[in-house]
Amino acid sequence: MTPNQLSKEEKLKYIFKAIQKAYPDRRLVFNDGSPEMPVMIIGEAPGKDEEVQGKPFVGRGGRLLNATLEKLGWKRSDFYVTNVVKYRPADELGGNRTPTPEEIEKFRPALEKEIDIVDPKLIVVLGRISMTGLGIEGSMSMNHGRVINKKIGGTDRKILVVYHPAAILRNMNWEPIFREDLAKIRKLV
Ligand code: URA
């Protein structure tokens, strides 16, 4: 079977195997949902809950994301969900920390391949780390709710920038903005 005859799922398995080979001692978290879906949601990196369950966005932030998507009439399984960094960046005390620019850079080739395979009609980046991880400049306050066209791995991609759910959990007054920004998905696919 030539690589072109493989399904998206099978191609993604190769990517995951390559990441496992590169990080044999890490508990990796790869993806959730179906790569056949037109919208790819990209977060920052797994946290503790994600590490335990082996799936992206299953903790508090994930529950807020799911609830907001449901309010807008979608199910979480209507999306393909992944992160820029595929392991939990931990600090010396074992807590979560923000991925370093080096970690983001190291995962960039695999993320580009992942995007290439899924070939989504729209990418939704959640938060500053995933936004900058895809090479988008500017602040979240400037870019959120905007659609940015960007070449990724040689292909033009449409990217919607949305606040990270963890930022909303810190300030629930922003929940309507989060919802309004996510609602834009409907007109974009
Ligand atoms: N935050 C993220 O960015 N990704 C997850 O999977 C969980 C929390």
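Just so you know, residue 1 is the first one in the sequence shown, and it goes up from there. These numbers come from the heavy atoms of this one structure, side chains and all, not from hydrogens, waters or symmetry mates. First listed ligand is number 1; within each ligand, the first listed atom is number 1.
Ligand 1 lies under 4.0 Å from heavy atoms of G43, E44, A45, P46, E50, P56, F57, N83, H164.
Taking 4.0 Å as the cut-off between side-chain N and carboxylate O, D78 and K75 count as a salt-bridged pair. Between D119 and R157 there is a salt bridge, since at least one side-chain N of the basic residue sits less than 4.0 Å from a carboxylate O of the acidic one.
With respect to E114, the side chain to side chain donor-acceptor pair (under 3.5 Å) criterion is satisfied by exactly one of K8, K86, K11: K86.
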Counting only pairs under 3.5 Å, give me each side-chain donor-acceptor contact of residues 180-189, with atom names and distances, residues two or more places apart or in other chains.
residue : atom : partner : partner atom : Å
D181    : OD2  : H144    : ND1          : 2.5
K184    : NZ   : G145    : O            : 3.1
R186    : NH2  : L72     : O            : 2.4

In a table with atom names and distances, give each donor-acceptor pair under 3.5 Å that connects a side chain of residues 34-44 to protein atoms at least two apart or in another chain.
residue : atom : partner : partner atom : Å
S34     : OG   : E36     : N            : 3.0

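Checked against salt bridge (charged side-chain N to carboxylate O under 4.0 Å, His left out), R108 has the following partners two or more places apart in sequence or in another chain: E112.
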